S.K.: 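Pasting a structure below so you can have a look.
Just so we're on the same page: letters track the sequence lines, and every chain starts at 1. Note that the structure is a prediction, hence the values are computed from the model and not measured.
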Number of protein chains: 2
Amino acid sequence: MNSEIITIGTELLVGNILNTNAKYLSEELTTLGFNISKHTTIDDNAYNLETAFKDALLKNDLIILTGGLGPTKDDLTKETVAKALCKNLIEDTQAREKINAYFQAKQIEITPNNYKQSLVIEGSTIFYNNKGTAPGMAIKYNNKYIILLPGPPKELITMFEKDVKKYLLQLTNQIILSKDIHLFGIEEAKVDQILSDILSNANPYIGIYSKTGEITIRIAAYASHKDTCEHLINNILDIIKTRLNEFIYGIDISSMQNALVKTAIKSNKKIAVAESCTGGLIASEIVSISGSSNCFNCGIVCYSNEMKEQILGVEKETLSQFSAVSPQVAKQMAQGVRKIAKADIGISTTGIAGPTSQDDNKPVGLVYVGISTSKNTSVYKLLLSNGQPNERQKIRKISALFAMNEARKAILNN
Amino acid sequence: MNSEIITIGTELLVGNILNTNAKYLSEELTTLGFNISKHTTIDDNAYNLETAFKDALLKNDLIILTGGLGPTKDDLTKETVAKALCKNLIEDTQAREKINAYFQAKQIEITPNNYKQSLVIEGSTIFYNNKGTAPGMAIKYNNKYIILLPGPPKELITMFEKDVKKYLLQLTNQIILSKDIHLFGIEEAKVDQILSDILSNANPYIGIYSKTGEITIRIAAYASHKDTCEHLINNILDIIKTRLNEFIYGIDISSMQNALVKTAIKSNKKIAVAESCTGGLIASEIVSISGSSNCFNCGIVCYSNEMKEQILGVEKETLSQFSAVSPQVAKQMAQGVRKIAKADIGISTTGIAGPTSQDDNKPVGLVYVGISTSKNTSVYKLLLSNGQPNERQKIRKISALFAMNEARKAILNN
């Protein structure tokens with residue numbers, strides 16, 4: 001079913017708030033097997049709303065409008081939709097009672113305009129609001145479906161979970177399943193080239209999404225039965241695994257830090273981190289995962305040589321002979337923190353995040369990552385600069401991802 | 001000037017990501033005095049894009065399209081716009097050189113499809129990309145302006161700041177100046193109420209933007225002369241200062257960590273951090289500021305009692321008597337890390353980030369923040385949960401902001 005989401009509110013167009021409703025509804029509708037063709041955001045203006053709504057009605061089977069159901073005179077979503085469909089607004093007794101109850105409970109005096117919210121489009125299915133006073137509604141019109149929902153995310157989400165999902169499910173007998181494959185260490189263009197023969201698939205749909213240092217491949221399959229979806233997905237998954245396995249760090253896992261924490265907990269290994277250039281980023285990302293205390297108890301951010309000596313026991317001679325940004329220091333940092341924390345895996349980073357380097361032989365973006373286990377300590381050299389300005393955050397982020405990925409591999413191989 | 005923002009990407013329509021580009025551009029354009037009539041989001045589909053673009057071209061003076069400038073075959077924004085305007089795509093030598101340089105620096109082999117990104121619409125003004133390989137471009141067409149920008153937010157924002165803002169400013173014959181006032185510790189609704197009498201101003205325009213724990217008030221004034229702008233801004237700034245001064249942590253400063261680092265460097269003070277519940281977040285945010293090594297050399301993430309004792313010298317008795325989440329432990333952590341690092345200011349955090357608490361007397365969201373100076377050590381108690389699920393990141397973030405803000409104040413008062 002082709003669908004459009006129309007979000008209404010001047011606060012969205014002036015950039016005061018993020019359009020979280022459009023994302024939430026898109027995610028939910030996609031999972032329910034609807035195809036979202038468009039998001040439209042317009043201000044609280046009857047003409048703009050009518051134009052956008054009529055245009056959406058021509059092109060879609062389902063239109064969801066959010067916002068503009070409030071009590072004030074610039075809330076005119078249901079008035080405009082009713083006019084466009086040549087339908088009347090009628091008072092819904094239950095909605096009126098709920099408004100009375102709501103204001104009584106809050107001990108706030110009801111103003112006449114509050115009752116504007118008890119008006120609904122004739123012949124519509126009403127979704128009562130458990131978090132506010134504006135009821136939602138759904139209208140069937142020439143085999144098309146129009147749903148009006150309140151703008152405040154809390155009201156919208158509660159209403160969607162409680163009633164709207166059920167309403168939508170009985171409109172379609174199709175389901176959709178999806179799988180996210182997470183990759184590190186490969187460029188989007190390279191992935192696109194390697195998968196070019198399957199990227200134009202309609203079902204399963206294959207999407208490639210990239211963020212700093214990472215690629216996510218999403219496989220989404222539509223069918224009337226769960227098994228068919230799974231079968232469709234697994235066929236593509238096998239192809240992707242055979243072609244890109246070395247880069248895959250997880251499937252349906254939210255992040256690299258989540259992959260590392262889950263792996264460490266599963267194999268009952270403890271991680272400790274000694275960070276220089278990443279400066280707490282690795283520790284912070286590990287701790288962002290709830291339950292990480294089961295595999296992580298110590299992170300040291302040693303931003304000066306003195307601290308590297310004093311806390312991690314890096315040798316003065318090593319620091320003076322090779323300087324802080326060297327494989328030798330990375331090695332001793334990883335070994336040091338592993339001992340201090342009595343951990344199984346010691347991770348270290350030392351490098352030049354920029355924007356400038358004091359040492360001509362050590363360019364911005366030069367990073368050494370150390371991974372120390374009871375068996376051995378490996379050091380990896382990274383060159384992460386493209387010679388662009390403001391690469392500091394990117395260099396730190398990719399160093400952190402690389403280190404967490406190597407730690408994850410070290411756990412699996414030990 | 002009437003404007004429309006068209007964001008392109010299937011990942012937006014399936015709800016994979018939030019549309020932060022539409023918010024960012026709306027915020028910036030509003031500040032520059034443009035009127036945004038509509039946001040449209042469509043998938044990577046030539047027909048849908050052409051329809052949306054032609055419709056926008058009829059109704060607006062300025063159209064900004066973001067996304068679909070990548071190297072893959074489903075990136076077709078410039079191809080579609082060129083076709084709609086009956087213009088050709090031509091290779092831009094400088095863009096091609098930048099692509100070569102980008103891949104050489106990364107030591108990655110260039111795939112032929114990468115050069116697709118060096119094609120631009122004939123007669124357009126090119127915006128070179130400092131964060132990626134896709135150039136942006138602007139075309140004047142029948143007294144209307146069309147701007148194409150890359151989808152990755154980092155690339156888009158960098159390009160907008162560097163070139164696009166200038167380009168837009170010469171379309172309006174006005175000078176625009178703005179000031180951002182950064183607040184911590186006050187709710188958006190409260191700010192709205194306190195400034196209600198001036199919020200409807202047209203010039204200077206006053207925008208209120210909130211993100212986790214923080215509020216930014218933007219004052220933007222346009223006039224034909226710089227002095228007039230400054231005069232308009234300063235009048236409003238004075239009003240805001242008299243009403244909200246206690247909450248202001250900085251003016252035109254990018255972040256709390258930036259405010260802290262600048263304050264510390266200016267007063268030649270050294271900071272050290274001992275983190276439990278924030279788990280490296282404070283260290284990481286401090287280190288994200290280039291030059292932070294001048295005021296920061298040590299961060300300790302002690303996620304277990306053992307580490308708190310061993311590294312920070314927190315007393316065993318204190319831990320057993322009061323437990324890790326207590327003002328006593330917060331105090332010893334702050335004092336401990338200050339001594340170890342020979343710093344002027346020791347910052348500590350210990351609390352329950354959630355999602356659950358093992359201790360009935362210590363709810364999720366209970367956080368103690370310690371600030372230790374040579375003169376004294378203060379401990380602050382925070383209760384940061386609203387009883388909602390998934391508050392872990394919010395609790396860690398607000399704790400970090402609070403701690404950095406108190407450290408900043410401690411430096412100013414010492």
Side-chain angles (χ1 to χ4, degrees), chain A residues 12-16 18-20 22-24 26-27 30 36-42 48 187-190 192-193 199 207-209 218 220 279-281 283-284 286-288 290 293 296-304 306-307 311 340-341 354-355 383 385-390 392-393 396, chain B residues 10-16 18-20 22-24 26-27 30 36-43 48 70-72 101-102 105-108 111 113-114 130-131 158 207-209 279-281 283-284 287-288 290 293 296-304 306-307 311 340-341 354-355 392-393:
Chain A
L12 291 160
L13 290 179
V14 297
N16 279 358
L18 263 166
N19 195 343
T20 54
K23 181 192 186 294
Y24 171 79
S26 295
E27 213 171 341
T30 304
I36 296 108
S37 61
K38 198 176 179 188
H39 293 170
T40 302
T41 305
I42 45 161
N48 294 345
E187 292 285 309
E188 181 178 7
K190 190 82 186 163
D192 182 69
Q193 188 192 26
L199 278 183
I208 300 177
Y209 311 118
R218 169 166 290 183
L281 183 57
S284 180
I286 289 172
V287 171
S288 73
S290 60
S293 53
F296 177 80
N297 65 6
C298 174
I300 311 282
V301 180
C302 284
Y303 219 50
S304 71
E306 195 184 356
M307 288 298 116
I311 302 176
I340 293 165
L383 292 163
S385 171
N386 309 325
Q388 314 281 1
N390 314 320
R392 185 176 177 87
Q393 307 325 333
R396 295 176 67 230
Chain B
T10 306
E11 66 274 26
L12 291 160
L13 291 178
V14 298
N16 204 10
L18 262 167
N19 195 342
T20 55
K23 180 193 185 294
Y24 170 81
S26 294
E27 194 177 331
T30 305
I36 296 108
S37 61
K38 196 176 178 189
H39 293 169
T40 302
T41 304
I42 44 160
D43 56 358
N48 295 345
T72 72
Y102 181 91
K106 282 203 164 185
Q107 298 180 313
I108 302 162
T111 58
N113 55 343
N114 288 119
N130 282 1
K131 293 282 181 179
T158 310
I208 299 179
Y209 308 100
L281 183 57
S284 180
V287 170
S288 74
S290 61
S293 55
F296 177 80
N297 65 6
C298 173
I300 311 282
V301 180
C302 284
Y303 219 49
S304 71
E306 194 185 356
M307 289 297 116
I311 302 177
I340 294 166
R392 185 178 176 87
Q393 305 325 333

S.K.: Measuring only between side-chain heavy atoms, which start at C-beta, is Tyr102(B) closer than 4.5 Å to Ile108(B)?
M.R.: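 A side-chain contact under 4.5 Å is absent here.
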S.K.: For the interface with chain A, which of Thr158(B), Thr10(B), Asn19(B), Asp43(B) has the highest count of heavy-atom pairs at distances below 4.5 Å?
M.R.: Thr10(B)
S.K.: Residues in side-chain contact (heavy atoms from CB on, under 4.5 Å) with Glu27(B), at least two apart?
M.R.: Lys23(B), Tyr209(B), Arg218(B)
S.K.: Pick whichever of Met307(A), Gln193(A), Arg392(A), Glu188(A) has the most heavy-atom pairs under 4.5 Å with chain B.
M.R.: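 It is Arg392(A).
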S.K.: Given a strict heavy-atom distance threshold of 4.5 Å, which part of Ser26(A) is in contact with chain B: side chain, backbone, both, or neither?
M.R.: both
S.K.: If you tally heavy-atom pairs under 4.5 Å against chain B, which of Leu12(A), Leu199(A), Leu18(A) wins?
M.R.: Leu18(A)
S.K.: Using side-chain heavy atoms (C-beta onward) and a distance below 4.5 Å, is Thr41(A) in contact with Leu13(A)?
M.R.: yes
S.K.: Can you say whether Gln393(B) sits under 4.5 Å from chain A via the side chain, the backbone, both, or neither, judging by heavy atoms?
M.R.: side chain
S.K.: Is Ile311(B) in contact with chain A via its backbone, its side chain, both, or neither, using a 4.5 Å heavy-atom distance?
M.R.: side chain
S.K.: Please look at Ser290(A) and chain B and tell me whether the side chain, the backbone, both or neither of the residue comes under 4.5 angstrom of a heavy atom of that chain.
M.R.: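 Both parts, backbone and side chain.
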S.K.: Among Gly299(A), Ala283(A), Cys302(A), who wins on heavy-atom pairs under 4.5 Å with chain B?
M.R.: Gly299(A)
S.K.: Go through the structure and list residues passing ring-ring contact (aromatic ring centres under 6.0 Å, His included) with Tyr24(A), not counting sequence neighbours.
M.R.: Phe160(A)
S.K.: Please look at Thr20(A) and chain B and tell me whether the side chain, the backbone, both or neither of the residue comes under 4.5 angstrom of a heavy atom of that chain.
M.R.: both
S.K.: So which part of Asn16(A) gets closer than 4.5 Å to some heavy atom of chain B, the side chain, the backbone, both or neither?
M.R.: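 Contact with chain B is through both the backbone and side chain of Asn16(A).
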S.K.: Looking at chain A, which one of Pro355(B), Ala101(B), Gly354(B), Ser288(B) has the largest number of heavy-atom pairs inside 4.5 Å, strictly under?
M.R.: Ser288(B)
S.K.: With only heavy atoms counted, which part of Ser37(B) is less than 4.5 Å from chain A, the side chain, the backbone, both or neither?
M.R.: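 The backbone, not the side chain.
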S.K.: Let's test your reading of the structure: which of Asn130(B), Thr111(B), Ile300(B) forms the most heavy-atom pairs below 4.5 Å with chain A?
M.R.: Asn130(B)
S.K.: Under 4.5 Å, counting heavy-atom pairs only, tell me which of Cys298(A), Ser284(A), Ala22(A), Gly280(A) racks up the most with chain B.
M.R.: Ser284(A)
S.K.: Stepwise, does the side-chain contact (heavy atoms from CB on, under 4.5 Å) test hold for Val14(B) with Ile36(A)?
M.R.: CA-CA 7 Å; Val14(B) 298; Ile36(A) 296 108; over 6 Å; no
